[in-house]
Amino acid sequence: MKIQISDFSYKASYHLIWRAEQLLTDFQSSSINRQLSKLSCLNKKKISTHMTARELNTLYILAKELGESAKALEIGSYLGASSCYIAAALAPKGGHLFCVDTWENQTMPEGERDTFKEFKNNTKAVADRITLIRKNSQDLIPSDFLENPLNLVFIDGDHSYKGAKNDYEKATPWIVGGGILAFHDCIAFEGVARTIGEALASGKWKFGGQVDNLLWLRKVEKGCLEFEHSAF
């Protein structure tokens with residue numbers, strides 16, 4: 001028996017799937033915001049950010065799934081919105097976040113200014129879970145984060161090809177097998193997209209997932225390359 005699917009039923013099914021994804025996203029956002037509100041981190045004030053709510057929630061989920069005493073590194077912290085989400089997710093399991101930035105806004109569209117005081121004020125609620133490293137990412141050395149291997153690295157600094165590639169090459173050796181390497185602005189900036197493509201082509205990374213302009217990879221273990229499908 002041949003089954004024909006009408007255009008109407010196709011559109012209806014597509015709408016139901018889309019709506020289910022929206023409801024899931026709304027539920028996750030609500031749950032995450034409730035947890036963050038306990039820390040008074042974001043809900044009492046709006047921290048300016050170039051990330052979407054979906055992207056921030058995804059960072060929270062990725063960090064939340066890491067093991068005990070996980071270590072994360074954020075390259076490019078701006079005013080602290082993403083830092084709050086990552087640090088809040090790491091806190092229950094004794095994890096720690098290392099934030100590296102000059103806090104001088106050299107690569108931001110609004111122009112250079114000192115944002116260090118604003119960042120510190122925005123992240124006060126999770127300050128005990130954050131170590132600030134005020135320097136250019138290319139000057140990073142392992143002792144900056146106590147020579148601990150990293151479970152998560154989030155790159156959101158210089159989006160030029162040279163800048164993104166340099167950050168990728170700098171951070172890669174410090175990430176544990178199975179660890180996460182996330183990039184922001186994977187669509188908006190050609191240099192970031194090119195760096196991600198080269199990382200995948202190296203065979204050292206597998207695709208983890210993508211939400212809006214946020215894309216993440218997982219470090220391949222034991223030479224096994226496989227693909228994951230993640231949807232938040």
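In this chain, numbering begins with 1 at the start of the sequence shown.
With sequence neighbours left out, Lys135 forms a salt bridge (Lys or Arg N to Asp or Glu O under 4.0 Å) with Asp144. For Thr131, the side-chain hydrogen bond (donor to acceptor under 3.5 Å, both in side chains) partners two or more places apart in sequence, or in a different chain, are His96. For Asp185, the side-chain hydrogen bond (donor to acceptor under 3.5 Å, both in side chains) criterion is met by His159, Asn213, not counting sequence neighbours. For Thr49, the side-chain contact (heavy atoms from CB on, under 4.5 Å) test picks out Met51, Leu56, Ala81, with sequence neighbours left out. Not a single salt bridge (Lys or Arg N to Asp or Glu O under 4.0 Å) links Asp139 to another residue, sequence neighbours left out. Taking Ala182 as the reference, Phe154, Leu214, Trp216 meet the side-chain contact (heavy atoms from CB on, under 4.5 Å) condition, with sequence neighbours excluded. Qualifying ring-ring contact (aromatic ring centres under 6.0 Å, His included) partners for Tyr161, counting only residues two or more places apart in sequence or in other chains: none. The side-chain hydrogen bond (donor to acceptor under 3.5 Å, both in side chains) test applied to Ser82 returns Glu74, not counting sequence neighbours. In this structure, the side-chain hydrogen bond (donor to acceptor under 3.5 Å, both in side chains) partners of Ser137, at least two apart in sequence or on a different chain, are Asp167. Taking Ala199 as the reference, Tyr168, Trp205, Leu217 meet the side-chain contact (heavy atoms from CB on, under 4.5 Å) condition, with sequence neighbours excluded. In this structure Lys93 satisfies the side-chain contact (heavy atoms from CB on, under 4.5 Å) test together with Glu68, sequence neighbours excluded. Scored by the salt bridge (Lys or Arg N to Asp or Glu O under 4.0 Å) test, Glu118 finds Arg113 as partners (sequence neighbours excluded).
Linking Ile, Leu, Val, Met, Phe, Trp and Tyr residues whenever their side-chain heavy atoms come within less than 4.5 Å leaves Leu200 and Ile187 in two separate clusters. Note on Phe98 and Val176: separate hydrophobic clusters, where clusters join Ile, Leu, Val, Met, Phe, Trp and Tyr whose side-chain heavy atoms are under 4.5 Å apart, directly or indirectly. Grouping the Ile, Leu, Val, Met, Phe, Trp and Tyr side chains by contacts below 4.5 angstrom, directly or via other members, places Leu132 with Leu97.
Considering only heavy atoms from C-beta on, Val100 stays 4.5 Å or farther from Ser77 through its side chain. You'll find the side chain of Phe207 reaches within 4.5 Å of the side chain of Leu215, heavy atoms only. Between Phe189 and Ser160, every side-chain heavy-atom pair lies at or beyond the 4.5 Å cut-off. In this structure, the side chains of Trp174 and Pro142 come closer than 4.5 Å at one or more pairs of heavy atoms.
Within the model, atoms CG of Asn121 and OG1 of Thr115 stand 12.5 Å from one another, a figure rounded to the nearest 0.5 Å. One finds the CG atom of Leu90 at 9.5 Å from the OH atom of Tyr60 (value rounded to the nearest 0.5 Å). Annotation: the span from Lys162 atom NZ to Arg194 atom CZ amounts to 13.0 Å, rounded to 0.5 Å. Annotation: the span from Tyr85 atom OH to Ile61 atom CD1 amounts to 11.0 Å, rounded to 0.5 Å. The CD1 atom of Ile133 sits 6.5 Å away from the CG atom of Leu73 when rounded to the nearest 0.5 Å. Between the SG atom of Cys84 and the CG atom of Leu59 there is a distance of 12.0 Å, given to the nearest 0.5 Å.
Judged by distance alone, with hydrogens and angles left aside, the side-chain atoms of Lys71 form no donor-acceptor pair with the main-chain N or O of Gly95 at under 3.5 Å. Without hydrogens or angle criteria, Asn57 side chain to Ala53 main chain gives a donor-acceptor distance under 3.5 Å.
When every heavy atom of Thr195 is checked against every heavy atom of Lys165, the shortest pair comes out as OG1-N, 3.5 Å. The two atoms that bring Ile86 and Ala72 nearest to each other are CG2-CB, 4.2 Å, heavy atoms only. The two residues Cys186 and Ile196 make their nearest non-hydrogen contact at CB-CD1, 3.6 Å. Heavy-atom minimum distance, Cys99 versus Phe119: SG-CZ, 4.0 Å. The two residues Pro92 and Lys64 have their closest heavy-atom pair at CG-NZ, 3.6 Å. Here the shortest heavy-atom pairing between Gly191 and Ala164 reads O-CB, 4.0 Å.
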Phe183 and Leu181: side-chain contact (heavy atoms from CB on, under 4.5 Å), yes or no, with the steps? CA-CA 7 Å; Phe183 294 85; Leu181 175 62; 3.7 Å; yes

Evaluate the criterion side-chain hydrogen bond (donor to acceptor under 3.5 Å, both in side chains) for residue pair Asn136 and Thr102; output intermediate values, then yes/no. CA-CA 6 Å; Asn136 188 290; Thr102 62; over 6 Å; no

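Checked for salt-bridge contact, Arg134 and Asp114 meet the test: a charged N lies under 4.0 Å from a carboxylate O.
Residue Lys219 forms a side-chain contact (heavy atoms from CB on, under 4.5 Å) with just one option from Asn151, Ile175, Val153, and that option is Ile175.
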